[in-house]
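Single-structure report; data block below.
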Amino acid sequence: MTVTIVGSQLGDEGKGGVVDLYGDAADVVARYQGGDNAGHTVVHDGAKYKLSLVPSGAVRGKVGVLGNGCVVNPETLFDEIDTLRERGLEPDVRVAERAHVILPYHRALDGIEEDEKEDLAAGTTKRGIGPTYEDKAGRRGVRVGDLLDPDVLRERLEYVVPQKKALAEEVFGKETGEEFDIDHLYETYREYGERLAEEDMTVDCGSFLQKRIDAGDNVMLEGAQGTSLDIDHGVYPYVTSSNPTAGGATVGTGLGPTVIGDGEVIGIVKAYLSRVGTGPLPTELGGVEGQTPDYDATEGADADEEELATYIRDEGGEYGTVTGRPRRVGWLDMPMLRHAARANGFTGLAVNHIDVLAGLDEVKVGHSYEFDGEEIFTMPPTTEAWGRCEATFETFDGWSDVDWSAAAEDGYDAIPENARTYLEYIADELDAPIYAVGVGPGRGETVVVENPYE
Ligand code: GDP
Ligand code: IMO
Ligand code: MG
């Protein structure tokens with residue numbers, strides 16, 4: 001069967017940790033969208049692994065697949081594989097021949113366009129994700145399979161590179177270097193193709209996964225980013241360029257919707273909210289310069305809010321895995337989660353970072369929004385309307401810090417009562433049961449209520 005792991009908010013909900021937790025029972029872990037914009041952290045035996053492209057299951061020695069819905073930067077791919085090998089692991093990574101390749105000009109154009117966009121910039125990771133998906137939709141992309149055939153690669157590059165160079169130079173007025181040079185790109189990417197072939201890494205993703213399922217293997221589908229960063233269901237244009245939602249798992253792997261729907265879809269929820277990037281955030285506490293819209297450092301937000309935001313940011317280590325940027329933080333946003341539960345059809349929830357909120361006197365949640373004088377319970381479809389929403393808060397009594405590792409061993413009832421009240425509120429509102437509760441970053445720091453493979 002399949003278990004699909006989906007971020008329910010704005011990324012960094014702790015998906016990597018949950019993949020690692022349940023990954024024990026999985027044989028294959030496949031990513032279905034995104035590229036090296038992701039930053040998934042797995043903490044195993046005190047060692048921390050930060051993966052941006054290779055599926056998190058690689059840390060447990062599972063077969064890792066980059067599905068056709070992913071965009072693959074071969075440089076990152078081989079760097080990560082080599083780093084894991086240096087650390088004594090033997091990652092077995094396969095890449096869909098239908099996946100698109102991130103080329104150096106995509107990265108260059110990502111940076112150029114972000115600077116140009118000003119208020120419309122999403123604050124991207126500048127990994128070339130958007131420009132690569134643009135070329136995919138524009139039918140001028142280079143696919144992983146094309147790297148295996150030098151003639152096809154040459155033909156693709158000769159068509160597309162002059163256009164990209166003209167775009168950079170003539171539209172944006174930038175100087176260009178070897179990232180826009182056909183011969184340089186051809187040589188470099190042909191070599192990547194040779195390595196992919198030598199290590200027998202490429203697959204026809206859908207049929208590869210289906211065969212494993214038919215043979216009785218457990219497959220896990222690892223989403224990157226989160227529902228509100230989804231290009232269709234998120235806070236456009238402050239989104240990524242792919243579909244982290246569960247529908248992306250079928251399109252991005254080649255497994256049928258009935259196969260995915262027959263399995264479990266687990267929503268990963270951070271017990272509060274974090275956001276790296278721009279756009280509105282109705283439950284935000286304080287703000288971060290350069291990311292919070294209209295943030296004025298001299299004027300400042302409410303001092304207590306700033307203090308609380310700093311506390312949560314430091315306790316939760318809320319600094320971007322990929323870019324190191326301080327993340328914006330806020331209270332849990334229930335309208336956002338209701339939207340996610342519906343868009344993904346969650347069959348279960350993993351709520352992480354309950355430990356980070358421990359020690360606060362009270363914990364708030366944005367239960368609904370006030371929007372143009374009305375109370376609404378889910379996100380409006382336009383981001384401008386979302387920006388006009390004001391959160392209506394409910395307050396929960398806080399819980400104290402306990403020995404979380406011991407709680408993880410003793411089970412759900414060892415979680416402080418007030419935290420359980422909070423968790424049960426979330427489960428009730430989203431009409432999905434709690435499968436796991438994250439009480440710390442390590443593999444052993446999760447209270448497992450349900451194992452989806454059992
Ligand atoms: P992902 O992108 O969804 O995989 O999440 P990230 O790895 O970017 O960010 C989650 C961060 O929180 C990582 O540093 C994790 O080690 C850490 N983490 C995950 N779950 C928990 C938890 O329950 N408690 C605490 N304190 N940290 C957690
Ligand atoms: P994981 O998988 C949090 C954000 C960026 C930016 C927007 C678009 O670790 O949860 P992109 O580079 O994708 O074009 O940027 O999306 N973003 C993420 N935020 N976690 C992520 O991944 C993210 N991947 C992209 O900050 O606002
Ligand atoms: Mg992350």
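Counting starts at 1 for both ligands and their atoms, in listed order. If you read the sequence from its start, that first residue is 1, and numbering goes on from there.
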Checking side-chain polar atoms at under 3.5 Å, does [X] have a donor or acceptor matched by the opposite partner on [Y]?
X: Asp232; Y: Thr245; value: no
X: Thr132; Y: His106; value: yes
X: Ser8; Y: Glu13; value: no
X: Asn243; Y: Tyr32; value: no
X: Tyr272; Y: Glu318; value: yes
X: Arg338; Y: Thr378; value: no
X: Asn37; Y: Gln225; value: yes

Any atoms of ligand 1 less than 4.0 Å from a non-hydrogen atom of [X]? List them with their elements.
X: Val356; value: 26 (N)
X: His40; value: 1 (P), 2 (O), 4 (O), 7 (O)
X: Gly16; value: 4 (O)

Count the heavy atoms of every other residue, nucleotide or ligand shown that sit under 6.0 Å from OH of Tyr236, and state whether that count exceeds 12.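 No, because the 6.0 Å sphere around OH of Tyr236 holds 12 heavy atoms or fewer from other groups.
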
Around Arg313, counting heavy atoms of other residues, nucleotides and ligands shown, do more than 12 lie under 6.0 Å from its CZ?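 Atom CZ in Arg313 is packed in, count exceeds 12.
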
Inspect the contact between [Y] and [X] and indicate whether a charged nitrogen and a carboxylate oxygen are less than 4.0 angstrom apart.
X: Lys15; Y: Glu222; result: no
X: Arg107; Y: Asp36; result: yes
X: Asp110; Y: Lys126; result: no
X: Asp20; Y: Arg60; result: yes
X: Arg212; Y: Asp27; result: no

If I consider every N, O or S atom in Asp12, which one ends up closest to the Mg ion (ligand 3)? I only need its name.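 This turns out to be OD1.
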
Quick one: does [X] get an N or O within less than 3.5 Å of an N or O on ligand 1?
X: Gly11; value: no
X: Asp12; value: yes
X: Gly14; value: yes
X: Gly438; value: yes

Examine [X] against ligand 2 and note whether any of their N/O atoms are separated by less than 3.5 Å.
X: Val276; result: yes
X: Arg325; result: yes
X: Thr278; result: no
X: Gly39; result: yes
X: Glu13; result: no

Who's the nearest protein heavy-atom neighbour of [atom], and how far?
atom: atom 5 (C) of ligand 2; value: Gly123 O, 3.5 Å
atom: atom 17 (C) of ligand 1; value: His353 NE2, 3.8 Å
atom: atom 8 (O) of ligand 1; value: Gly39 O, 2.6 Å
atom: atom 27 (O) of ligand 2; value: Ala122 O, 2.7 Å
atom: atom 7 (C) of ligand 2; value: Val239 O, 3.8 Å
atom: atom 22 (O) of ligand 2; value: Gln225 NE2, 3.4 Å
atom: atom 21 (C) of ligand 1; value: Gly440 O, 3.5 Å
atom: atom 12 (O) of ligand 2; value: Thr125 OG1, 2.6 Å
atom: atom 13 (O) of ligand 2; value: Thr240 OG1, 2.6 Å
atom: atom 15 (O) of ligand 2; value: Thr124 CA, 3.3 Å

Considering only heavy atoms, does [X] approach ligand 2 within less than 4.0 Å through its side chain, its backbone, both, or neither?
X: Glu222; result: neither
X: His40; result: side chain
X: Asp110; result: neither

Nearest heavy atom to [atom]: which of [options] does it belong to?
atom: atom 26 (N) of ligand 1; options: Asp355, Val276, Val18, Val437; answer: Asp355
atom: atom 13 (C) of ligand 1; options: Leu21, Thr41, Val42; answer: Thr41
atom: atom 3 (O) of ligand 1; options: Gln9, Lys48, Lys270, Lys15; answer: Lys15
atom: atom 17 (N) of ligand 2; options: Val71, Leu229, Leu51; answer: Leu229

Once the angle between the rings of Phe396 and Tyr422 is folded into 0 to 90°, is it parallel (under 30°), tilted (30 to 60°) or perpendicular (over 60°)?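 Perpendicular: the ring planes of Phe396 and Tyr422 meet at over 60°.
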
Spacing of CD belonging to Glu80 relative to CG belonging to Asn73, to within rounding of 0.5 Å: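 Output value for this atom pair is 10.0 Å.
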
OG1 on Thr292 to CG on Leu285, rounded to 0.5 Å: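 With rounding to 0.5 Å, CG (Leu285) is 10.5 Å from OG1 (Thr292).
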
Of the side chain and backbone of Glu318, name the one, both, or neither that has a heavy atom under 4.0 Å from an atom of ligand 1.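 Neither part.
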
Proximity to ligand 1 by part of Val439, non-hydrogen separation under 4.0 Å: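 Backbone only.
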
With heavy atoms of Leu10 as the reference, note each atom of ligand 2 found under 4.0 Å away.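 Answer, ordered by atom number: 3 (C), 19 (N).
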
Measure from NZ or CZ of Arg87 to the centre of the six-membered ring of Tyr49, then state whether that distance is under 6.0 Å and the direction lies within 45° of the axis.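 Arg87 over Tyr49 ring: yes.
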
Within the 6.0 Å centroid threshold, strictly below: Tyr189 and Tyr192: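 Yes, ring centres under 6.0 Å apart.
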
Is the distance from the Mg ion (ligand 3) to the nearest N/O/S atom of Gly16 under 2.8 Å?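 No, Gly16 does not qualify, because none of its backbone or side-chain N, O or S atoms lies under 2.8 Å.
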
